[in-house]
J.: 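Quick one: this structure, given as structure tokens, is what I'll be asking you about.
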Amino acid sequence: MKPWEANIRKVVPYTPGEQPNESGMIKLNTNENPYSPAPGVEKALENLDTDTLRLYPDPTAGDLVHSIAGFYGLKDEQVFTGVGSDDVLAMCFLTFFNSEKPILFPDITYSFYDVWADLFRIPYERPALDEEFHIRKEDYLRENGGIVFPNPNAPTGVEMPLSEIEEIVAKNPESIVIVDEAYVDFGSVSALPLIEKYDNLLVVQTFSKSRSLAGMRIGYAFGNPELIKYLNDVKYSFNSYTMDRTTIAAGVASMEDKAYFEESCNKIIATREWTKTELKKLGFSFQDSKANFIFATHESCPAKELFEALREKHIYVRYFPKDRIDNHLRITIGTDEEMKKLIEFLTEYLK
């Protein structure tokens, strides 16, 4: 070891999904939306005054905050924005998880949580999901330094009932509870209404999935004004100008088109339900997903084999070589045409 290495902060980094760029590929591995952003986004970018790019953007992202708040019927002071929900969640970890008690999150969940915990030197414990991949609320009713979990969970797509979320929040008044709702718009129930009742709850959402803006990196959080102020204090101490002018303009335009947003989500939900039916016919099983993906295992064909066979045909899905889930594939919902091609390939392959 070199002398200076003793002072290096070392972590095992998060591994993002593969980003292939091939003509004719079917990309179902990173939970992106298969449809274009709202039409107003393109217009907003076309009309952007490029001369303003020489100026710093608004550090508060005020126009975007106001647009998000208006969409959800909140006050601006209840909304925090960041560069994707990953940035928002990282700021939450840094701001709120600072006791010596371990924070709690599921053993099978979004794999960035333990990375942030290790990076920020936050102790943590990972209560195990049950055999059907459900979060057990009882595991989160013990002493802790904070709680975070997605709803629906990732990569399983399983939703926790709002009543159970409320019980966790209510019985942990000394901890901040973060509900990560990256996939909530595909048929799940949001915990957003609970922020008016509980001052220890943060709800995090993103433009990356339901709003087709993964390439723009916009995330946001809802909470009581005091929590939002603490988050902004940390953000401004870290980087005052986290969101550029183009991103703010695109985000505002997206929020203004509610009809397009709902249409896009409904199309994905319909395609997901069709895909569930077809996969079951082929011998796949899975928990009922309320996300824009299905986490499936086959009755006889190993997941890794299917993953590799699909990849050879330029059909990309996600495979996790981890305990308990190494015989599952996470299949993002694409367009009707893409999902039909997936089913056609699987039908032929599994004969």
Side-chain angles (χ1 to χ4, degrees), residues 15-36 107-111 128-134 150 152-159 182-183 186-188 209-210 212 214 264-351:
T15 303
E18 186 177 7
Q19 293 291 345
N21 185 18
E22 303 169 357
S23 177
M25 70 177 179
I26 298 177
K27 190 171 184 294
L28 308 175
N29 67 326
T30 49
N31 297 343
E32 294 147 326
N33 195 311
Y35 302 108
S36 298
D107 66 331
I108 299 173
T109 194
Y110 186 32
S111 55
L129 301 182
D130 68 18
E131 293 182 356
E132 295 183 339
F133 294 149
H134 290 82
N153 197 7
T156 65
V158 175
E159 178 186 22
Y183 306 101
F186 300 108
S188 187
K209 316 301 181 184
S210 55
S212 306
S264 177
C265 290
N266 288 334
K267 285 195 292 188
I268 290 170
I269 291 169
T271 305
R272 179 191 68 203
E273 297 308 303
W274 176 86
T275 305
K276 287 178 182 177
T277 299
E278 297 303 311
L279 287 175
K280 286 180 180 177
K281 291 178 184 177
L282 295 174
F284 286 91
S285 60
F286 41 84
Q287 295 300 312
D288 187 32
S289 174
K290 294 295 184 179
N292 66 334
F293 57 83
I294 299 169
F295 194 58
T297 184
H298 192 263
E299 59 189 6
S300 60
C301 190
K304 185 177 182 181
E305 177 186 329
L306 282 173
F307 168 75
E308 292 172 349
L310 286 163
R311 198 172 188 278
E312 287 181 5
K313 294 296 182 180
H314 308 286
I315 301 174
Y316 293 88
V317 298
R318 193 78 188 268
Y319 172 66
F320 299 91
K322 298 181 178 180
D323 289 345
R324 297 187 67 193
I325 60 172
D326 59 357
N327 199 31
H328 287 72
L329 297 176
R330 193 192 67 189
I331 304 167
T332 301
I333 303 302
T335 63
D336 286 347
E337 181 182 3
E338 288 174 329
M339 302 315 289
K340 287 175 182 176
K341 288 181 178 179
L342 169 73
I343 295 300
E344 287 171 2
F345 172 81
L346 292 173
T347 300
E348 185 65 27
Y349 187 82
L350 294 168
K351 280 184 178 178

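The basis for the numbers below is simple: all heavy atoms, side chains too, and nothing from hydrogens, waters or symmetry mates. One is the number of the first residue; the rest follow in order along the sequence.
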J.: State the CG-CE distance between L28 and M339, to the nearest 0.5 angstrom.
T.: 5.5 Å

J.: Give a yes or no answer on whether the side chain of T335 reaches the backbone of P34 with a donor-acceptor pair at less than 3.5 Å.
T.: no

J.: At what distance, to the nearest 0.5 angstrom, does CG of N29 lie from CD1 of I315?
T.: 12.0 Å

J.: Show the nearest heavy-atom pair for residues A291 and R272, with the distance to one decimal.
T.: O-NH1, 2.9 Å

J.: Determine the interplanar angle of the F345 and Y349 rings, folded into 0 to 90°, and report it as parallel if under 30°, tilted if 30 to 60°, perpendicular if over 60°.
T.: parallel

J.: Look at the side chain of H328 and the backbone N and O of F286, then say whether any donor-acceptor pair between them is shorter than 3.5 Å.
T.: no

J.: Does the side chain of N266 come within less than 4.5 Å of I269's, by heavy atoms?
T.: yes

J.: Report, as yes or no, whether the 6.0 Å neighbourhood of atom NZ on K340 holds more than 12 heavy atoms from other residues, nucleotides or ligands.
T.: no

J.: Please name the pair of heavy atoms, one in E338 and one in G334, separated by the smallest distance, quoted to 0.1 Å.
T.: OE1-CA, 3.3 Å

J.: Would you find a donor on one side and an acceptor on the other, under 3.5 Å apart, between the side chain of N292 and the backbone of N31?
T.: yes

J.: Above 12 or not: heavy atoms from other molecules or residues under 6.0 Å from CD of E131?
T.: no

J.: Test side chain to side chain contact (heavy atoms under 4.5 Å, CB included) on Q19 and K27 and set out the steps.
T.: CA-CA 9 Å; Q19 293 291 345; K27 190 171 184 294; 3.0 Å; yes

J.: If only atom types and distance count, is the side chain of N327 paired as donor or acceptor with the main-chain N or O of A303 below 3.5 Å?
T.: yes

J.: Looking at every heavy atom in both K290 and G187, which two are closest together, and how far apart are they?
T.: CD-O, 3.8 Å

J.: So do the side chains of Y319 and L310 get within less than 4.5 Å of each other, counting heavy atoms only?
T.: no

J.: In terms of relative ring orientation, are F293 and Y183 parallel, tilted or perpendicular, with 30° and 60° separating the classes?
T.: perpendicular

J.: How long is the gap from CG on L342 to CG on L279, to the nearest 0.5 Å?
T.: 6.5 Å

J.: Should T332 and T30 be marked as a side chain to side chain contact (heavy atoms under 4.5 Å, CB included) after you check the CA-CA gap, both sets of side-chain angles, and the distance that decides it?
T.: CA-CA 7 Å; T332 301; T30 49; 5.8 Å; no

J.: Would a distance-only check, ignoring hydrogens and angles, find a side-chain to backbone donor-acceptor pair under 3.5 Å from R324 to L129?
T.: yes

J.: How about E273: does its CD atom have over 12 heavy atoms from other parts shown lying under 6.0 Å from it?
T.: yes

J.: Dump the intermediate steps for side chain to side chain contact (heavy atoms under 4.5 Å, CB included) on K281 and T277, then the final yes or no.
T.: CA-CA 7 Å; K281 291 178 184 177; T277 299; 4.0 Å; yes

J.: Nearest 0.5 Å please: distance from the CZ atom of R318 over to the CZ atom of F295.
T.: 10.5 Å

J.: With rounding to the nearest 0.5 angstrom, report the CD1 to CD1 distance, I331 to I294.
T.: 6.5 Å

J.: Kindly give the heavy-atom pair with the smallest separation between P152 and G157, and that separation in Å.
T.: CB-O, 3.6 Å

J.: Looking at every heavy atom in both T109 and P155, which two are closest together, and how far apart are they?
T.: O-CD, 4.1 Å

J.: I'd like to know if the side chain of K276 reaches the main chain of S289, judged simply by a donor and an acceptor atom lying under 3.5 Å from each other, with no hydrogens or angles considered.
T.: yes

J.: Of the non-hydrogen atoms in N33 and S264, which two are nearest, and what is the gap between them?
T.: ND2-OG, 3.3 Å

J.: About how many Å separate CE of M25 and CZ of R311, when rounded to the nearest 0.5 Å?
T.: 11.5 Å

J.: Would K209 pass as a cation-pi partner of F186, given that its NZ or CZ must be under 6.0 Å from the six-membered ring centre and within 45 degrees of the axis?
T.: no

J.: So L306 and F284, side chain to side chain contact (heavy atoms under 4.5 Å, CB included) or not? Walk me through it.
T.: CA-CA 12 Å; L306 282 173; F284 286 91; 3.8 Å; yes

